[in-house]
Amino acid sequence: MDKYNTGSDTLIFRKPQATDGQPLNALVNRCPPLDTNSTYCNLLQCTHFADTSIAVENADQALVGFISGYIPPTRPDTLFVWQVAVDPGCRGQGLAQRMLKALVERCRTEQSIRYVETTITPGNSASEALFTRVYTELQAPIEKTVLFSRKTHFADQHDDEVLWRGGPLDTRQA
């Protein structure tokens with residue numbers, strides 16, 4: 001668990017736990033255009049994927065940030081970032097970047113990851129900027145390919161999902 005002071009507020013970065021399931025569901029609902037999941041899915045994110053996810057609470061113990069991730073079974077050296085949520089009241093303070101960097105460093109140490117992946121829909125400038133900044137800081141080359149296409153996978157009901165793959169990470173930095 002790490003504590004960060006952000007002016008008048010202290011933020012605690014930690015692994016999620018089962019009691020974060022319902023607050024995570026509420027947080028994602030406050031963060032359009034994020035896709036919402038069932039509370040049950042959020043409970044699994046907070047328990048089964050706790051080692052590859054990060055929760056951030058404020059001094060009032062309210063969940064204000066969350067990144068869910070997992071290690072794909074066929075790529076044990078890869079952290080796949082599923083979703084990044086930042087409470088609207090905490091935006092513009094670099095919280096997403098600090099969460100992502102903290103999660104990557106923890107997973108590099110505990111899980112020996114060398115690559116960080118996510119999918120981003122074209123035009124999601126906030127996510128594009130976040131991952132570009134973090135990959136640049138990590139000195140991780142970026143590859144981009146369409147993973148799920150609008151036409152083939154979403155029947156033209158959802159934009160393409162472009163896979164962003166950063167790495168390999170320099171293991172000497174861990």
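We number each residue from 1, following the sequence as shown.
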Could you walk me through whether F66 and C46 pass the side-chain contact (heavy atoms from CB on, under 4.5 Å) test, one step at a time?
CA-CA 10 Å; F66 195 93; C46 293; 3.9 Å; yes
Hey, mind stepping through C107 and T52 against side-chain contact (heavy atoms from CB on, under 4.5 Å) and telling me if it holds?
CA-CA 7 Å; C107 290; T52 52; 4.2 Å; yes
Heavy atoms, side chains only, cut-off 4.5 Å: are C31 and R91 in contact?
yes
Can you confirm whether the side chains of D20 and Q17 place a donor and an acceptor under 3.5 Å from each other?
no
Can you find a pair of side-chain heavy atoms, one from V84 and one from I67, that are under 4.5 Å apart?
yes
List for me each residue that meets side chain to side chain contact (heavy atoms under 4.5 Å, CB included) alongside T121, sequence neighbours excluded, and say none if there are none.
N124, H158, D159, E161
The single option from L103, T78, L169 that satisfies side chain to side chain contact (heavy atoms under 4.5 Å, CB included) with I113 is L169
Examine distances only and state if a side-chain atom of R106 and a backbone atom of Q111 form a donor-acceptor pair shorter than 3.5 Å.
no
One should read off an interatomic distance between R30 CZ and N25 CG, to the nearest 0.5 angstrom, of 10.0 Å
More than 12 non-hydrogen atoms from neighbouring residues, nucleotides or ligands closer than 6.0 Å to CZ on F49, yes or no?
yes
Do the side chain of D170 and the main chain of L138 share a donor and acceptor less than 3.5 angstrom apart?
no
Using the rule given for side-chain contact (heavy atoms from CB on, under 4.5 Å), can you reason through Q22 versus N42, listing the C-alpha separation, both sets of side-chain angles and the distance that settles it, and then say yes or no?
CA-CA 7 Å; Q22 183 62 42; N42 295 141; over 6 Å; no
Compare all side-chain heavy atoms of S127 with those of T118 and state whether any distance is below 4.5 angstrom.
no
Are the side chain of D160 and the backbone N or O of V162 linked by a donor-acceptor pair below 3.5 Å?
no
Worked check of side-chain contact (heavy atoms from CB on, under 4.5 Å) between L95 and R98
CA-CA 5 Å; L95 180 56; R98 288 183 304 184; 3.8 Å; yes
Within a strict 4.5 Å, meaning less than it, do heavy atoms of the P16 and Q45 side chains meet?
no
Is there a side-chain contact between L100 and F131, using heavy atoms and a 4.5 Å cut-off?
yes
Indicate yes or no: at least one non-hydrogen side-chain atom of W164 is less than 4.5 angstrom from one of E128.
yes
Within-4.5 Å side-chain heavy-atom neighbours: E137 and V104
no
If I compare all heavy atoms of F13 with all of A102, which pair ends up nearest, and what's the gap?
CD2-CB, 4.2 Å
